[in-house]
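Notes follow the structure.
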Amino acid sequence: MAKIVQKFGGTSVADINCVRQAAQVVVNAANQGDEVLTVVSAMGNTTDQLIALAQTITPAPSARELDMLLATGEQQSVALMTMAIQQLGQQARSFTGAQAGIMTESRHGSAKIEEVRPDQLQACMNRGEIPVVAGFQGITASHELTTLGRGGSDTSAVAIATAIGADRCDIYTDVDGVYTSDPNLVGEASRLATISYEEMFEMASTGAQVMNDRAVVLAREGQLPVRVRSTFKPEDEGTLVTSEHGVPDYSVCGVTLDTNQICFSWQMAVTHEQEKKLDSIASLFLRLNELNITADMIMLLAREDEPVQELVFTVDKSARTKVQSIIQSSKITGESKVSIDDRLARVSVISRRLNHRPEIVASVFDALNQVDIPVQMVATSDMRFSLLIPKTHAERAVRTIHSHCNPGALY
């Protein structure tokens, strides 16, 4: 008998028929003798619909009140899922994030989990009941309701699984595992049987939508095995996310696409020697960190013989207004000019030891050059090679690189 946390995403509970099918997956595991806890997302596009509803009242709703509204989506799901499980003959009890003991920091809209206090969940399981927990939400020490940001239900599931000592966490979605690229975009994309935490993190943080990157970090820290699998093919074991030691040496693991990136270019006239110490740039990145905004591709252009420096960086388009506000509030002496380009996309190649494998980088440039796809910016690390290209070329670039690099092939 295993202790398993099963998480069902929005597409897995999109309507009542889907809820019933997901409930059957839960009950089947319980009937086989497994000790099961379930985490559920909001149904289908409920979160987007609630955001749109709020924006009919005000274009800039209070973050606190928006959290209060968005949390109702998961609460609807857990009640319906619990009823469906009970209808199939198993005892179950629903929990909000607060009732489940998910304690978070006080940031609304993108709070991080600080601790899970699983006493009530464990007591429920000890009674032979299946806990059904609302993902994506938690509560602060001062009893303020918070949400965890997009993909937060994955994070809820992994955090709970770690807290209760689960043997595994299963992420159920509408795809049957992790592919070398988006199979809707690349027809020859292949499913990976296993993938390392490190590779999964890079894929999740660069556009692959099968798992949240924060959840991957928590799983790695707790050495928790995670399976990404399909609700609609429950017999299929999908892809196992695990330690690197259990993962084949893929030459290239995958190719991802993110069309939600925007590029900021901030030109500053340097008129005093003190400003050459980059105080304003340091303040910018400190503030981005405080707001949980990730700047990915970063480049600083400066010359000693010119009194101008230019900072270029990319962020998710959802952060556009906040970043603009931070820059505008910076105390820059002299001229300052900001331009924003939202016509770009980030294509990333995920591999290992890229710093020691320049032939992979060379082959990517060669492939793009052969089909006349321009590259505007590049960022590299030991696990990832990202290119910023015009959005009009993005999908063709992914297919070209995937065809050229043969992801999933072994060394």
Side-chain angles (χ1 to χ4, degrees), residues 11 45 48 51-52 150-151 174-175 178-190 202-210 213 252-267 288 293-301 310-324 327 337-351 354 358-381 383-408:
T11 55
N45 296 320
D48 290 335
I51 292 173
R150 292 290 186 178
D174 59 347
V175 295
V178 180
Y179 280 72
T180 54
S181 195
D182 183 350
N184 296 315
L185 177 60
V186 181
E188 64 270 25
S190 58
E202 294 294 348
M203 292 188 73
S205 61
T206 57
Q209 299 180 13
V210 292
D213 56 355
V252 169
C253 180
V255 182
T256 60
L257 172 64
D258 187 349
T259 59
N260 291 319
Q261 293 286 299
I262 58 173
C263 184
F264 277 82
S265 176
W266 185 15
Q267 291 184 343
L288 292 179
I293 297 172
T294 300
D296 183 55
M297 306 179 75
I298 305 170
M299 180 170 61
L300 178 64
L301 304 174
E310 181 180 8
L311 176 68
V312 182
F313 61 96
T314 62
V315 295
D316 190 88
K317 66 180 182 182
S318 62
R320 178 175 184 150
T321 301
K322 291 180 180 178
V323 175
Q324 284 179 293
I327 293 176
K337 178 183 177 182
V338 177
S339 60
I340 304 171
D341 194 341
D342 58 5
R343 301 165 298 173
L344 301 170
R346 180 181 62 190
V347 177
S348 301
V349 178
I350 313 304
S351 184
L354 273 171
E359 72 276 9
I360 293 179
V361 176
S363 68
V364 170
F365 276 112
D366 181 55
L368 295 180
N369 183 58
Q370 289 179 24
V371 293
D372 296 321
I373 295 178
V375 176
Q376 296 189 208
M377 194 171 171
V378 175
T380 63
S381 71
M383 294 287 297
R384 168 161 60 102
F385 171 44
S386 293
L387 307 99
L388 205 62
I389 62 175
K391 194 175 292 186
T392 52
H393 295 287
E395 294 186 358
R396 187 162 61 101
V398 171
R399 287 190 287 265
T400 298
I401 295 171
H402 191 281
S403 176
H404 202 75
C405 289
N406 191 25

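Numbers here simply count residues along the sequence, with the first being 1. No experiment lies behind these values; they were computed from the predicted model shown.
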task: Rounded to the nearest 0.5 Å, what's the gap from CG on Leu311 to CD on Gln267? Could you check?
output: 11.0 Å
Shortest non-hydrogen contact between Val315 and Ala319, atoms and distance: CG2-CB, 4.4 Å
- prompt: If we only count heavy atoms from C-beta on, is the Val364 to Val349 side-chain gap below 4.5 Å?
  reply: yes
- prompt: Can you name the nearest heavy-atom pair linking Ser363 to Ile360, along with the distance?
  reply: OG-O, 2.7 Å
Pro390 and Pro374, any side-chain heavy atoms less than 4.5 Å apart: yes
query: Is there side-chain contact between Gln209 and Val175, with heavy atoms separated by less than 4.5 Å?
result: no
task: Can you measure from CG (Asp213) to CZ (Arg150) and round to the nearest 0.5 angstrom?
output: 14.5 Å
- prompt: Got a second to check how far Ile262's CD1 is from Phe313's CZ, nearest 0.5 Å?
  reply: 8.5 Å
- prompt: Does the pair Val255 and Val186 meet the rule for a side chain to side chain contact (heavy atoms under 4.5 Å, CB included), with working shown?
  reply: CA-CA 10 Å; Val255 182; Val186 181; over 6 Å; no
- prompt: Which value, rounded to the nearest 0.5 Å, describes the distance between Phe264 atom CZ and Ser339 atom OG?
  reply: 9.5 Å
task: Please determine if Asp316 and Lys322 form a salt bridge, counting it only when a charged side-chain N lies under 4.0 Å from a carboxylate O.
output: no
- prompt: Of all residues at least two apart in sequence or in a different chain, which pass the side-chain hydrogen bond (donor to acceptor under 3.5 Å, both in side chains) check with His393?
  reply: Arg396
- request: Please confirm whether the backbone N or O of Ala189 pairs with a side-chain atom of Ser181, one donor and one acceptor, at under 3.5 Å?
  value: no
statement: Note: Met297 and Leu388 closest approach over all heavy atoms is CE-N, 3.9 Å
message: Once rounded to the nearest 0.5 Å, what's the spacing between atom CG of Leu344 and atom OG1 of Thr314?
response: 9.5 Å
field: Heavy-atom side-chain proximity of Val378 to Phe385 below 4.5 angstrom
entry: yes
Those residues that, when tested against Tyr179, pass ring-ring contact (aromatic ring centres under 6.0 Å, His included) (two or more places apart): none
Approximate separation, where rounding is to 0.5 Å, of Lys391 NZ and Thr259 OG1: 5.5 Å
- prompt: Can you check whether Thr206's main-chain N or O pairs, donor with acceptor, with Thr256's side chain at less than 3.5 Å?
  reply: yes
message: Minimum heavy-atom separation for Ser265 and Val312, please, with both atom names.
response: OG-CG2, 4.1 Å
message: Checking the side chain of Thr294 only, and the main-chain atoms of Asp296 only, is there a donor and an acceptor separated by less than 3.5 Å?
response: no
- prompt: Looking at Val252 and Cys405, what are the two nearest heavy atoms and their distance?
  reply: CG2-CB, 4.1 Å
query: Of all heavy-atom pairs between Met203 and Thr180, which one has the smallest distance, and what is that distance?
result: CE-O, 4.4 Å
task: For Glu310, look at atom CD and say whether over 12 heavy atoms of other residues, nucleotides or ligands are found less than 6.0 Å away.
output: yes
message: Within the structure provided, determine whether Lys317 and Asp342 are in side-chain contact (heavy-atom separation under 4.5 Å).
response: no
query: Is the backbone N or O of Thr400 less than 3.5 Å from a side-chain atom of Ser403, with the two atoms forming a donor-acceptor pair by type?
result: no
